[in-house]
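Reading through the structure tokens given below for one structure.
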Number of protein chains: 2
Amino acid sequence: MKTAFRNVKEDIRNRILKGVWAPGDLLPNEVDLAIEFDCARATVNRAMRELADEGLVERKRKAGTRVRQAPLRQARFSIPIVRQEIEARGQIYRYALVDRNVVETPDWLRARLGGTATGQVLHLACVHFGDANPYQFEDRWINLAALPQAADADFNSLGPNEWLVATVPFSDAEISFSATTADARTARHLGCSEGDALFLAERTTWWEDQPITHVRLLFQRGYRMTTRY
Amino acid sequence: MKTAFRNVKEDIRNRILKGVWAPGDLLPNEVDLAIEFDCARATVNRAMRELADEGLVERKRKAGTRVRQAPLRQARFSIPIVRQEIEARGQIYRYALVDRNVVETPDWLRARLGGTATGQVLHLACVHFGDANPYQFEDRWINLAALPQAADADFNSLGPNEWLVATVPFSDAEISFSATTADARTARHLGCSEGDALFLAERTTWWEDQPITHVRLLFQRGYRMTTRY
DNA sequence: CAGTGGTCTAGACCACCCA
DNA sequence: GGGTGGTCTAGACCACTGC
């Protein structure tokens with residue numbers, strides 16, 4: 001019972017959840033709701049806009065506001081930042097660089113980066129530990145055409161992710177999650193068996209249409225990404 | 001270049017991305033920004049509030065608005081709804097129930113449901129096809145104490161998810177993603193090999209603290225969940 | 001065309017919380 | 001205490017789009 005728009009929002013949400021307004025039903029328009037709740041239309045608008053953002057209702061000009069058929073179509077996930085994840089578990093974070101070389105952009109990576117990628121990329125492989133246990137294996141490629149200074153950076157003490165965050169902004173990113181099988185190299189670094197099912201996160205970032213970096217993050221067996229909504 | 005608050009928002013976002021305002025910097029207050037952009041304070045407020053929602057800035061009363069150290073901490077994912085996913089791929093959706101029985105709630109499930117679960121659950125196993133290819137294997141448990149009518153429902157033609165959506169609302173849900181290995185039964189239903197790495201989504205839903213259902217969704221090999229932000 | 005949501009304004013009061 | 005963001009209002013004009 002604090003702010004007006006929250007009250008309106010909760011009230012309407014409850015009516016939908018309790019079935020007063022069923023999926024597909026048309027809700028009263030903003031003016032009528034404002035009268036009912038004895039508030040300004042802007043207040044109703046704010047409440048309804050947030051409900052629409054959350055996916056509970058669907059709004060169209062002239063057509064009005066309707067309860068969605070399938071409520072809640074999306075959820076927010078926090079993007080994993082490995083150091084914070086490990087420290088949040090009460091473990092000591094440790095990082096190790098295990099490989100570093102400069103190569104011509106492989107074709108599959110060129111396709112991922114969007115075709116505009118040009119020459120060489122810096123390839124880094126590293127392991128993130130929680131206490132003494134390997135937690136995540138990271139395969140990263142950095143576009144040297146966009147970030148030539150990466151060639152001179154020392155990634156032995158500072159992880160590539162933290163270096164990148166401190167060095168370059170990004171305007172666009174794509175992230176995807178999937179399951180994959182541990183190959184021999186990954187199994188060795190993570191201390192698991194070849195063939196184990198691993199959770200894989202891949203992320204590509206751009207700065208004004210120029211590809212910056214692509215990374216494959218392989219999580220230790222049993223990793224779960226969870227959210228409540 | 002359409003609405004005022006979008007212009008303000010984009011302008012401020014660009015200044016942050018270009019480094020005019022660096023992480024940790026204090027931004028001008030809303031009144032000053034309103035003067036600069038020649039608009040009402042409410043317009044600036046709307047723009048800033050959305051930037052805060054997106055995680056680009058951090059706002060505190062009296063302290064003002066600051067650029068976040070680690071920009072973009074979360075992304076939104078659409079919750080997979082299997083029929084829509086398959087039809088979006090231009091394939092024909094088909095569903096098959098492969099198993100159905102009533103059992104005492106197993107301990108692991110009781111733990112997942114929150115301890116308040118009581119007696120029996122309806123266990124369903126089904127496969128979702130895209131054209132003729134198995135796309136997803138679903139293992140579902142429905143709390144019969146909360147939904148006794150599920151025992152009489154015919155899940156041969158209508159999938160449990162669609163039945164549930166049409167029958168009962170929910171107020172709370174937890175979803176988690178991980179990787180797992182295909183067991184013999186799953187491999188048989190999905191037409192893959194035992195031991196293949198599969199993407200697993202698990203979801204539990206509650207209605208006013210009463211557990212409704214828990215489901216394990218195993219996706220065909222190669223499934224990827226992607227988002228851009 | 002006309003109803004609905006989308007946005008904007010100018011002003012106001014308030015809650016919070018740093019100094 | 002006082003500055004900042006958080007919210008609310010009453011009214012207005014506009015854009016979209018179903019009818």
Side-chain angles (χ1 to χ4, degrees), chain A residues 1-16 20-69 71-74 76, chain B residues 1-16 20-69 71 73 76:
Chain A
M1 300 288 274
K2 283 193 175 176
T3 63
F5 85 90
R6 270 177 230 282
N7 289 338
V8 173
K9 189 176 160 186
E10 286 314 305
D11 199 323
I12 292 175
R13 160 181 282 134
N14 284 334
R15 290 190 204 177
I16 291 171
V20 177
W21 290 319
D25 281 4
L26 186 65
L27 271 57
N29 69 35
E30 294 190 348
V31 175
D32 290 347
L33 286 172
I35 294 170
E36 183 192 331
F37 287 107
D38 191 28
C39 66
R41 181 168 78 96
T43 302
V44 172
N45 181 273
R46 168 98 189 252
M48 298 292 271
R49 183 156 38 80
E50 294 197 358
L51 288 174
D53 277 348
E54 294 169 18
L56 209 63
V57 300
E58 198 167 20
R59 321 195 74 194
K60 261 188 233 166
R61 284 168 155 119
K62 167 73 180 175
T65 302
R66 288 177 184 280
V67 180
R68 269 198 190 282
Q69 294 292 344
L72 292 197
R73 309 175 319 152
Q74 43 187 359
R76 302 187 108 172
Chain B
M1 299 284 275
K2 280 193 175 177
T3 63
F5 85 88
R6 270 177 230 283
N7 288 339
V8 173
K9 190 176 160 186
E10 287 315 304
D11 198 323
I12 292 175
R13 161 180 281 133
N14 284 333
R15 290 191 205 176
I16 291 171
V20 177
W21 290 320
D25 281 5
L26 187 64
L27 271 57
N29 68 34
E30 294 191 347
V31 176
D32 290 346
L33 286 172
I35 294 169
E36 182 191 332
F37 287 106
D38 191 27
C39 65
R41 182 167 80 94
T43 303
V44 172
N45 181 273
R46 168 100 188 251
M48 299 292 271
R49 181 156 39 80
E50 293 198 0
L51 288 172
D53 277 348
E54 294 169 19
L56 209 62
V57 300
E58 199 167 19
R59 320 194 74 194
K60 261 188 233 165
R61 284 166 155 120
K62 166 73 182 176
T65 302
R66 289 179 183 278
V67 179
R68 267 200 191 283
Q69 297 289 346
R73 309 171 316 154
R76 304 186 103 173

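Naming: A, B, ... by sequence-line order, numbering from 1 per chain.
Distance check, rounded to the nearest 0.5 Å: CZ of Arg59(B) to CE of Met48(B) gives 4.5 Å. To the nearest 0.5 Å, atoms CG (Leu56(B)) and CD1 (Ile12(B)) are separated by 10.0 Å. Rounding to the nearest 0.5 Å gives a distance of 7.5 Å between CD of Glu50(A) and CG of Asp53(B).
Atom P of nucleotide dT7(C) and atom CZ of Arg49(A) are separated by 7 Å, given to the nearest angstrom. At whole-Å resolution of the value, CG in Asn29(B) and C1' in dG6(D) are 14 Å apart. Computed from coordinates, the Asp53(A) CG to dG5(C) P distance equals 16 Å when rounded to whole Å. Distance, Ile35(B) CD1 to dT4(D) P: 12 Å, rounded to whole Å. We find that NZ of Lys9(B) is positioned 16 Å from C1' of dC8(C), with the value rounded to whole Å. Rounding to whole angstrom units, CD of residue Glu30(B) and C1' of dC14(C) are separated by 14 Å. The CG atom of Leu26(A) sits 9 Å away from the P atom of dT4(C) (whole-angstrom rounding). Separating the CD atom of Glu58(A) from the P atom of dT17(D) is a distance of 13 Å, rounded to the nearest angstrom.
The minimum heavy-atom distance between Pro23(A) and Arg68(A), with the atom names listed, is CB-O, 3.5 Å. The two residues Val8(A) and Ala47(A) come nearest to each other via the heavy atoms CG1-CB, 3.8 Å.
A donor-acceptor contact under 3.5 Å links the side chain of Arg41(B) to the base of dT7(D).
For Arg59(B), the listed nucleotide lying nearest its side chain is dG5(D); candidates were dG5(D), dT7(D), dG5(C). Here dC8(C) is the nucleotide among dT9(D), dT4(D), dC8(C) with the atom lying nearest to any side-chain atom of Ala4(B). In the set dT9(C), dT7(C), dG6(C), the nucleotide with an atom closest to the side chain of Arg61(A) is dG6(C).
Applying the 4.0 Å criterion to OP1 and OP2 of dG6(C), one finds that Thr3(B) has every side-chain N and O outside that range. In this model, the phosphate group of dT7(D) is not approached by any side-chain N or O of Thr43(A) to a distance below 4.0 Å at OP1 or OP2. When the side-chain nitrogen and oxygen atoms of Asn45(B) are compared with OP1 and OP2 of dG6(D), one or more of them lie within a distance under 4.0 Å. Here Arg6(B) does not reach the OP1 or OP2 of dG6(C): none of its side-chain N or O atoms lies under 4.0 Å away. Applying the 4.0 Å criterion to OP1 and OP2 of dT7(C), one finds that Arg46(B) has a side-chain N or O inside that range.
Ranked by how close their nearest DNA chain C nucleotide is to the 5' end, Thr65(A) and Ala42(B) are led by Thr65(A). Comparing Lys62(B) and Ala40(A) by the nucleotide of DNA chain D that holds the closest heavy atom to each, the one mapping nearer the 5' end is Lys62(B).
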